[in-house]
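Chain letters run A, B, ... following the sequence lines, proteins first and then strands; every chain starts at 1. Nothing here was measured: the structure is a model prediction, and the numbers come from that model.
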Amino acid sequence: MIKITFPDGSAREFKEGINSIQIAEQISPGLAREVYSATVNGEVWDLIRPITRDAAVKLHKWEDEQGKHAFWHSSAHLMAGALESLYPGIKFGIGPAIEMGFYYDVDPGEGRVITDSDLEVIENRMKEHASRNLIFTRKEISKKDALDLFRKKGDEYKTELINELQDGTITLYSHGDFTDLCRGPHLPSTEPIKAIKLTSVAGAYWRGDEKRKMLTRIYGITFPKQKMLDEYLVFLEEAKKRDHRRIGRELELFHFSPKVGMGLPLWLPKGAEIRQNLISFLTGILKKRGYKIVTTPHIGNVDLYKTSGHYEKYGASSFQPMSTPQEGEQFMLKPMNCPHHCEIYNATPHSYKELPIKMAEFGTVYRYEQSGELHGLTRVRSFTQDDAHHFCTPEQLREEFKSIIDLMLYVYRVMNFNDYTAQISLRDPDNMEKYIGTDENWEKAEQDIIAAAGEKNLKTVVIKGEAAFYGPKLDFMVKDAIGRNWQLGTIQVDYNLPERFNLTYNGSDNQKHQPVMIHRTIFGSLERFVAVMIENNSGKFPLWLAPDKAVLLPISEKFNDYAANVLEILNNSDICTLIDDRSEKIGKKIRDNELKRIPYLLVIGEKEAENGTVSVRKQGEGDKGSMKIDEFVNFIRSEINREIAN
RNA sequence: GCCGAUGUAGCUCAGUUGGUCAGAGCAGCUGAUUUGUAAUCUGCAGGUCGGGGGUUCGAAUCCCUUCAUCGGCUCCA
């Protein structure tokens with residue numbers, strides 16, 4: 001007998017060699033139907049793997065990451081099996097479970113393509129296989145045998161993977177006629193996979209290396225119940241409606257014109273109004289916190305970027321330098337503001353008593369992003385950063401860093417922006433040549449970031465390999481409507497630019513010292529920030545940000561004169577932008593959310609025209625009663641103040 | 001940049017195997033109507049079917065090419 005301990009601390013004796021599914025069955029048959037994998041002594045195992053000694057066991061259901069993971073990973077195998085039966089000779093790369101579903105990278109073979117229209121056939125074959133209730137079996141295999149097996153199949157991808165594995169750790173999983181190199185774990189059988197949807201097909205480089213062959217990646221998702229799949233598909237449909245590209249068009253916020261150029265957003269009046277509101281909101285906060293606003297040109301001499309090191313790193317993949325009538329003179333569109341700010345710092349001598357110096361600019365920058373990478377407002381070729389740089393003494397670094405975390409959290413809170421992940425982005429230890437600067441400085445900077453985040457009790461995740469080439473950073477990541485991750489705010493420590501630009505200050509010892517530089521943005525870019533705000537709120541903006549704060553609706557043309565009067569007063573109030581809508585098809589506009597996104601609806605009828613009032617309705621909340629015009633202005637003003645003061 | 005898909009009016013989309021296939025709804029503009037919040041009625045106007053080449057007696061439809069968009073990959077200072 002062996003002793004199995006459960007997460008709640010309780011323990012039971014079982015026969016040696018029992019497996020997790022049998023344990024679950026003995027607890028309750030209902031449970032057994034719902035578990036998909038188990039953690040045995042800290043390792044995630046198949047349910048059918050025998051347990052031969054005392055162990056701590058945690059059973060995983062759908063609700064657990066590990067449960068879903070086993071479910072989707074098994075689904076990837078199910079798909080691979082279907083593919084092999086449909087496309088004999090097809091070769092397989094890797095096929096993991098992901099956050100939502102799974103994929104498999106495959107090489108269908110020379111001259112064969114798999115496209116969207118093939119997915120249904122594959123899906124049907126998967127369903128057929130799944131319904132046969134195929135058992136997943138696990139087999140340990142020697143490296144030599146594994147190599148022989150996959151060489152015989154002619155699968156160079158799997159043999160490459162096996163070559164990198166340690167002999168004695170290699171396992172195969174099979175179901176039906178299909179066998180795959182795999183670490184597991186898997187479901188006991190294909191039986192629980194009831195609902196299957198292959199979502200898309202895409203290209204993906206083998207091992208993520210753009211110099212290697214592009215495989216075909218097939219994405220899919222599966223569920224234990226059809227209803228869950230249906231709900232997921234509904235969710236995707238709903239998410240499409242929140243897409244900022246769609247809402248941006250509906251609300252006439254921004255526009256892309258191929259004539260202007262891809263990735264170059266045109267801000268329409270209403271979008272520009274939102275942008276402007278964001279800028280003035282943040283400017284007010286920055287001034288209170290001791291930032292100095294600066295302005296720098298949109299171009300700079302190539303030498304500036306050679307000095308900063310950006311030219312060497314990104315020159316070839318940037319908008320190329322423009323020349324002038326002067327021989328040998330070259331300028332570039334600025335891809336970042338930092339070098340300009342360094343030169344501003346250098347314009348005057350500095351004492352330690354002045355530091356930290358905080359320089360801010362809403363700086364528009366231009367980056368030649370790869371054409372396939374452009375995406376609405378979230379990835380563009382010209383965008384405006386709410387950029388700022390802190391120049392401080394090494395001793396001040398941590399405090400400065402913490403103060404920026406405070407600022408960031410403050411702004412996000414005011415904006416009611418809660419759904420973000422703070423990510424500490426460090427160097428990739430396997431790729432150290434990507435980075436410039438001394439190990440010592442990197443070490444120091446990384447420690448400072450981790451410490452500052454810790455002292456601020458910020459919940460963070462640490463990701464290696466995501467640092468900037470000149471320094472580590474703390475990034476604030478958010479998800480868009482369909483779950484893609486975007487970086488908004490970022491705080492970056494930089495010892496490199498101060499050195500390259502020879503920045504100095506006089507210390508109390510009357511010696512020259514080098515300041516440390518912190519780069520930071522809060523919104524990231526106005527473009528991306530607006531996009532994320534739109535997707536988070538389905539295009540509804542808080543009152544203070546909204547381009548139109550209210551819509552004016554006269555019941556009848558009889559009141560048009562009065563309405564025009566009201567409109568003028570309110571629009572001139574400098575606080576309340578109104579749109580005038582005398583259309584009779586107001587119902588349709590409301591249904592289409594065109595007007596529902598505007599915070600207030602003002603109705604004018606006989607009574608209102610007589611009394612010089614408007615009937616105020618807050619969208620989604622209902623009647624606020626009748627108000628005199630100036631009452632309404634004051635009301636809006638106080639509402640805005642309340643929102644911003646928070 | 002790479003793989004795959006898509007491109008018909010401002011928007012959403014129909015257009016069967018190449019042959020009255022240049023259409024509809026919404027938006028817009030005309031008139032009429034005046035209604036307290038999810039579609040009032042009439043009429044009109046709108047497109048070199050993304051651009052360019054080709055095949056054909058004939059191309060929105062087939063082929064090539066180019067531009068743009070979408071989903072991924074790579075990248076993201």
Side-chain angles (χ1 to χ4, degrees), chain A residues 103 105 113-119 199-219 240 243 245-246 249-250 252 255-259 261-263 305 308-315 317-318 334-339 365-376 378-381 383 385 387 436 466-471 473 475 482 484 486-487 490 492 494 496-497 519 524-525 528 551 553-560 581-596 601 603-608 615 617 619 622-623:
Chain A
Y103 67 79
D105 284 346
V113 269
I114 297 173
T115 68
D116 299 341
S117 52
D118 301 314
L119 294 181
T199 45
S200 68
V201 44
Y205 298 108
W206 170 232
R207 314 212 81 177
D209 184 344
E210 64 177 325
K211 290 180 191 68
R212 305 196 65 176
K213 186 165 175 148
M214 182 159 266
L215 304 180
T216 304
R217 176 169 295 178
I218 305 173
Y219 284 92
K240 267 191 209 159
D243 191 313
R245 291 167 295 191
R246 172 184 174 142
R249 185 172 56 228
E250 285 171 5
E252 298 176 355
H255 177 67
F256 288 93
S257 148
K259 267 207 181 84
M262 59 164 87
Y305 307 105
S308 71
H310 289 106
Y311 188 80
E312 193 195 341
K313 182 92 179 165
Y314 296 106
S317 55
S318 293
K334 74 171 166 188
M336 77 291 301
N337 306 298
C338 347
V365 297
Y366 304 87
R367 297 180 182 176
Y368 187 77
E369 305 290 1
Q370 297 185 78
S371 58
E373 198 39 69
L374 299 172
H375 183 96
T378 49
R379 195 78 185 273
V380 285
R381 286 179 169 174
F383 57 96
Q385 297 177 312
D387 207 359
I436 58 176
E466 288 288 308
F469 75 98
Y470 49 75
K473 47 186 188 151
D475 293 325
I482 65 167
R484 284 177 291 225
W486 299 98
Q487 177 202 306
T490 179
Q492 314 179 352
D494 185 1
N496 177 57
L497 281 186
H519 309 246
S525 78
R528 188 175 285 179
V551 53
L553 174 65
I555 294 306
S556 140
E557 277 180 23
K558 279 190 288 188
F559 312 122
N560 273 356
D581 202 307
R582 302 173 200 193
S583 154
E584 294 167 23
K585 297 187 180 171
I586 194 89
K588 176 184 166 20
K589 292 194 174 187
I590 290 173
R591 190 207 64 194
D592 284 351
N593 282 333
E594 211 177 305
L595 299 182
K596 261 190 189 157
L601 178 59
V603 181
I604 290 176
E606 199 153 353
K607 197 177 73 188
E608 287 80 10
S615 168
R617 284 145 210 260
Q619 304 275 18
D623 212 329

Keeping [X] on the side-chain end and [Y] on the backbone end, is there a donor-acceptor pair under 3.5 Å?
X: A:R367; Y: A:P335; answer: yes
X: A:S200; Y: A:Y219; answer: no
X: A:R379; Y: A:L374; answer: no

Take atom [atom1] in [N] and the same atom in [M], then report the distance between them in whole Å.
N: B:C26; M: B:G46; atom1: C1'; value: 13 Å
N: B:G47; M: B:G7; atom1: C1'; value: 14 Å
N: B:G71; M: B:C13; atom1: P; value: 14 Å
N: B:C41; M: B:U34; atom1: P; value: 15 Å
N: B:C67; M: B:C11; atom1: P; value: 22 Å
N: B:C63; M: B:U55; atom1: P; value: 15 Å
N: B:G15; M: B:U6; atom1: P; value: 14 Å
N: B:A9; M: B:C29; atom1: C1'; value: 15 Å

Query raised in the report: Taking 4.0 angstrom as the limit, do A:D243 and A:R245 come out as a salt bridge?
Result: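 Salt bridge present between A:D243 and A:R245.
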When we call it a touch if two heavy atoms are under 4.0 Å apart, what does [X] touch: a base, just sugar-phosphate, or nothing?
X: A:Y219; result: sugar-phosphate
X: A:M336; result: base
X: A:S615; result: base
X: A:S318; result: base
X: A:Y470; result: sugar-phosphate
X: A:E252; result: nothing

Please state whether the phosphate of [N], meaning OP1 or OP2, lies under 4.0 angstrom from any side-chain nitrogen or oxygen of [X].
X: A:R484; N: B:C70; value: no
X: A:H375; N: B:U69; value: no
X: A:K240; N: B:C70; value: no
X: A:R212; N: B:C73; value: no

[N] pairs with, by Watson-Crick or G-U criteria that keep both distances under 3.5 Å:
N: B:G19; value: B:C57
N: B:U69; value: B:A5
N: B:G36; value: none
N: B:A24; value: B:U12

Query raised in the report: With nearest nucleotides of RNA chain B determined for A:Q385 and A:E210 from heavy-atom distances, which residue corresponds to the more 5′ nucleotide?
Result: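 Its nearest nucleotide lies further toward 5', so the answer is A:E210.
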Requested in this report: Take A:Y314 and A:I604, find for each the nucleotide of RNA chain B with the closest heavy atom, and name the residue whose nucleotide sits nearer the 5' end.
Outcome: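 Going by which nucleotide is closer to the 5' end, it is A:I604.
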Separation of atom [atom1] in [X] from atom [atom2] in [N], rounded to whole Å:
X: A:Y368; N: B:A77; atom1: OH; atom2: C1'; answer: 17 Å
X: A:R245; N: B:A68; atom1: CZ; atom2: P; answer: 17 Å
X: A:E369; N: B:A68; atom1: CD; atom2: C1'; answer: 18 Å
X: A:R381; N: B:C76; atom1: CZ; atom2: P; answer: 16 Å
X: A:K334; N: B:A77; atom1: NZ; atom2: P; answer: 18 Å
X: A:Y366; N: B:C76; atom1: OH; atom2: P; answer: 22 Å
X: A:L374; N: B:C75; atom1: CG; atom2: P; answer: 16 Å
X: A:Y305; N: B:A77; atom1: OH; atom2: C1'; answer: 12 Å

Nucleotides 2-12 of chain B: which of its N/O atoms have a protein N/O under 3.5 Å away?
| unit_1 | atom_1 | unit_2 | atom_2 | d |
| --- | --- | --- | --- | --- |
| B:C2 | O4' | A:Y205 | OH | 3.3 |
| B:C3 | O2 | A:G203 | N | 3.0 |
| B:U12 | OP1 | A:R249 | NH2 | 2.9 |

With rounding to the nearest 0.5 angstrom, report the [atom1] to [atom2] distance, [X] to [Y].
X: A:K213; Y: A:W206; atom1: NZ; atom2: CH2; answer: 12.0 Å
X: A:E369; Y: A:H375; atom1: CD; atom2: NE2; answer: 13.5 Å
X: A:E210; Y: A:Q370; atom1: CD; atom2: CD; answer: 6.5 Å

Query raised in the report: Between the base of B:C76 and the side chain of A:R367, is there a donor-acceptor distance below 3.5 Å?
Result: no
**Report entry** Check: A:R528 side chain, B:C76 base, donor-acceptor under 3.5 Å
**Finding:** no
Query raised in the report: Which of the following nucleotides, B:G1, B:C76, B:G36, is nearest to the side chain of A:R379?
Result: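 Minimum distance to the A:R379 side chain belongs to B:C76.
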Which residues satisfy the side chain to side chain contact (heavy atoms under 4.5 Å, CB included) test with [X], sequence neighbours excluded?
X: A:S117; answer: A:T115
X: A:F469; answer: A:H310, A:K313, A:Y314, A:I436
X: A:R249; answer: none

Requested in this report: Evaluate the side-chain contact (heavy atoms from CB on, under 4.5 Å) criterion for residues A:T216 and A:V113: first the C-alpha distance (whole Å), next the side-chain angles of each, then the deciding distance (0.1 Å), finally the verdict.
Outcome: CA-CA 8 Å; A:T216 304; A:V113 269; over 6 Å; no
Query raised in the report: For B:G46, does the O4'-C1'-N9-C4 (purine) or O4'-C1'-N1-C2 (pyrimidine) torsion place it in syn, i.e. within 90° of 0, or in anti?
Result: syn
Query raised in the report: Cation-pi between A:R381 and A:Y368: NZ/CZ under 6.0 Å from ring centre and within 45° of the ring axis?
Result: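 Yes.
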Pull out every protein N or O sitting under 3.5 Å from an N or O of nucleotides 60-65 of chain B, one pair per line with the distance.
none

Report summary line: For A:E466, the salt bridge (Lys or Arg N to Asp or Glu O under 4.0 Å) test, sequence neighbours excluded, returns none
